[in-house]
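This report concerns only the one structure given below.
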Amino acid sequence: MTQTRVRLWTVNEYHRMFETGIITEDERVELINGQVIPMSAKNPPHAATTLCASDYLKRLLAEVALVRVQDPIQLSEYSEPEPDIAVVCIDARKYIARHPAPNEIFLLIEIADTTLETDRKHKAPLYAKAGINDYWILDVNQRQVYVFREPSLKGYNLEFILPEDATLSLIAFPEIEVMINQLFP
């Protein structure tokens, strides 16, 4: 039996694909573990929840963190995903020269209307391996939040689900309460 080796792409090579037109700006893709992966379409419930949650978090976290929406983060030499929402350290130049790295990320959020299993089975291990301490999935259909904490190289050691009427705080800002019902439209 012949074994095929998979060629993994680095973040620098991925950027060059855009620069040279191999990948166009219109293509919705992200680099995950060295592979260029198509991103799901943004359905209206997904788009509305992203807008609602990001606006709410921007108000709550003004002056303490920057809330980025559907922008890249660089987790490693081989991964540059585009989470729906990233709460990151404030950067005076708004990350003009680079994307936020794991040590600058307070919270990542994925919005799931059709992607819940992908966000749980593929994104969670990726984020845990990078050492992201706080990862949430907003389940649009059930109006609940999956919370992942205590990252390890094998995944998150703590996972729980909170209903719409609960409150939650970011690990980085325990004094700020997030009302889950305010994350949804």
Side-chain angles (χ1 to χ4, degrees), residues 8-19 23 28-37 39 49-50 53-112 115 118-138 145-162 167-178 180 183:
L8 301 180
W9 301 101
T10 67
V11 169
N12 288 336
E13 292 167 332
Y14 177 66
H15 289 187
R16 283 199 300 271
M17 287 182 206
F18 282 99
E19 292 165 7
I23 301 173
R28 289 188 32 80
V29 296
E30 57 189 346
L31 185 67
I32 306 291
N33 294 323
Q35 298 182 3
V36 179
I37 306 293
M39 294 169 54
T49 303
T50 302
S54 63
D55 284 352
Y56 176 59
L57 291 171
K58 285 176 184 179
R59 287 191 307 274
L60 273 182
L61 301 170
E63 309 298 322
V64 297
L66 180 64
V67 177
R68 292 168 48 104
V69 180
Q70 297 173 336
D71 286 331
I73 56 173
Q74 186 170 346
L75 297 180
S76 71
E77 180 183 3
Y78 294 99
S79 290
E80 189 177 274
E82 296 185 22
D84 291 310
I85 298 172
V87 177
V88 301
C89 293
I90 294 174
D91 182 277
R93 301 208 52 220
K94 308 287 189 229
Y95 296 95
I96 194 168
R98 62 183 177 74
H99 298 304
N103 65 332
E104 299 168 303
I105 298 170
F106 299 122
L107 168 67
L108 293 180
I109 298 176
E110 295 288 356
I111 311 298
T115 60
T118 299
D119 293 336
R120 289 183 68 219
K121 304 286 189 213
H122 298 285
K123 292 286 182 89
L126 176 72
Y127 295 154
K129 186 175 179 182
I132 303 302
N133 289 320
D134 218 353
Y135 169 49
W136 302 353
I137 301 171
L138 304 187
V145 177
Y146 288 74
V147 179
F148 299 82
R149 294 182 167 165
E150 299 178 12
S152 73
L153 293 178
K154 294 181 180 181
Y156 284 97
N157 294 318
L158 179 62
E159 176 184 344
F160 55 94
I161 302 170
L162 292 175
T167 60
L168 177 62
S169 294
L170 283 73
I171 291 173
F173 306 106
E175 70 283 0
I176 298 174
E177 283 195 347
V178 176
I180 291 174
L183 298 170

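Residue numbers start at 1 and run along the sequence shown. Because the structure is a prediction, the values reported are computed rather than measured.
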Gap separating the [atom1] atom of [X] from the [atom2] atom of [Y], nearest 0.5 angstrom:
{"X": "Tyr14", "Y": "Glu77", "atom1": "OH", "atom2": "CD", "answer": "15.5 Å"}
{"X": "Ser79", "Y": "Tyr127", "atom1": "OG", "atom2": "OH", "answer": "9.5 Å"}
{"X": "Met39", "Y": "Glu30", "atom1": "CE", "atom2": "CD", "answer": "5.0 Å"}
{"X": "Leu108", "Y": "Ile132", "atom1": "CG", "atom2": "CD1", "answer": "5.0 Å"}
{"X": "Thr10", "Y": "Leu31", "atom1": "OG1", "atom2": "CG", "answer": "8.0 Å"}
{"X": "Asn133", "Y": "Ile171", "atom1": "CG", "atom2": "CD1", "answer": "5.5 Å"}

Closest heavy-atom pair and its distance - [X], [Y]:
{"X": "Val145", "Y": "Leu138", "result": "CG2-CD2, 3.4 Å"}
{"X": "Tyr135", "Y": "Lys123", "result": "OH-CB, 3.5 Å"}
{"X": "Glu13", "Y": "Leu8", "result": "OE1-O, 4.0 Å"}
{"X": "Leu61", "Y": "Leu170", "result": "CD1-CD2, 4.3 Å"}
{"X": "Pro151", "Y": "Ala128", "result": "CB-O, 3.5 Å"}
{"X": "Thr115", "Y": "Ala112", "result": "OG1-CA, 3.6 Å"}

Give a yes or no on this: more than 12 heavy atoms of other residues, nucleotides or ligands lie within 6.0 Å of atom CG of Leu158.
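Check passes, neighbour count above 12.
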CD/Glu150: more than 12 non-hydrogen atoms of other groups inside 6.0 Å
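Counting other residues, nucleotides and ligands, CD of Glu150 exceeds 12 neighbours.
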Is there a side chain to side chain contact (heavy atoms under 4.5 Å, CB included) between His15 and Trp9? Walk through the geometry before answering.
CA-CA 10 Å; His15 289 187; Trp9 301 101; over 6 Å; no
List for me each residue that meets ring-ring contact (aromatic ring centres under 6.0 Å, His included) alongside Tyr156, sequence neighbours excluded, and say none if there are none.
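Applying ring-ring contact (aromatic ring centres under 6.0 Å, His included) to Tyr156 gives Phe148.
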With Phe173, which residues qualify under ring-ring contact (aromatic ring centres under 6.0 Å, His included), at least two apart?
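So Phe173 forms a ring-ring contact (aromatic ring centres under 6.0 Å, His included) with Phe106.
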Applying side chain to side chain donor-acceptor pair (under 3.5 Å), name anything that partners Arg28, two or more places apart in sequence or on another chain.
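Here no residue qualifies.
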Return the set of residues passing side chain to side chain donor-acceptor pair (under 3.5 Å) with His122 (not counting sequence neighbours), or none when no residue passes.
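Checked His122 against side chain to side chain donor-acceptor pair (under 3.5 Å); zero matches.
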Got a donor-acceptor contact below 3.5 angstrom from the Ser169 side chain to the Glu175 backbone?
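No.
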Test applied, side-chain contact (heavy atoms from CB on, under 4.5 Å); reference residue, Leu168; option that passes from Leu183, Leu162, Ile176, Asp134:
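Result for side-chain contact (heavy atoms from CB on, under 4.5 Å) with Leu168: Leu162.
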Measure the shortest side-chain to side-chain distance between Ile23 and Phe18 over non-hydrogen atoms and say whether it is less than 4.5 angstrom.
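Contact flag for Ile23/Phe18 side chains = yes.
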Answer yes or no: is there a side-chain heavy-atom contact under 4.5 Å between Tyr95 and Val88?
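Yes, close enough: below the 4.5 Å cut-off.
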Sequence neighbours excluded - salt bridge (Lys or Arg N to Asp or Glu O under 4.0 Å) pairs with any residue from residues 99-108
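Output for this query lists Arg98-Glu104.
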Please table the atom pairs, donor to acceptor, closer than 3.5 Å between any side-chain atom in residues 63-75 and protein atoms at least two apart or in another chain.
{"from": "Arg68", "atom 1": "NH2", "to": "Pro72", "atom 2": "O", "distance (Å)": "2.8"}
{"from": "Gln70", "atom 1": "OE1", "to": "Lys42", "atom 2": "NZ", "distance (Å)": "3.0"}
{"from": "Gln70", "atom 1": "NE2", "to": "Asp84", "atom 2": "OD1", "distance (Å)": "3.3"}
{"from": "Gln74", "atom 1": "NE2", "to": "Ser76", "atom 2": "O", "distance (Å)": "3.3"}

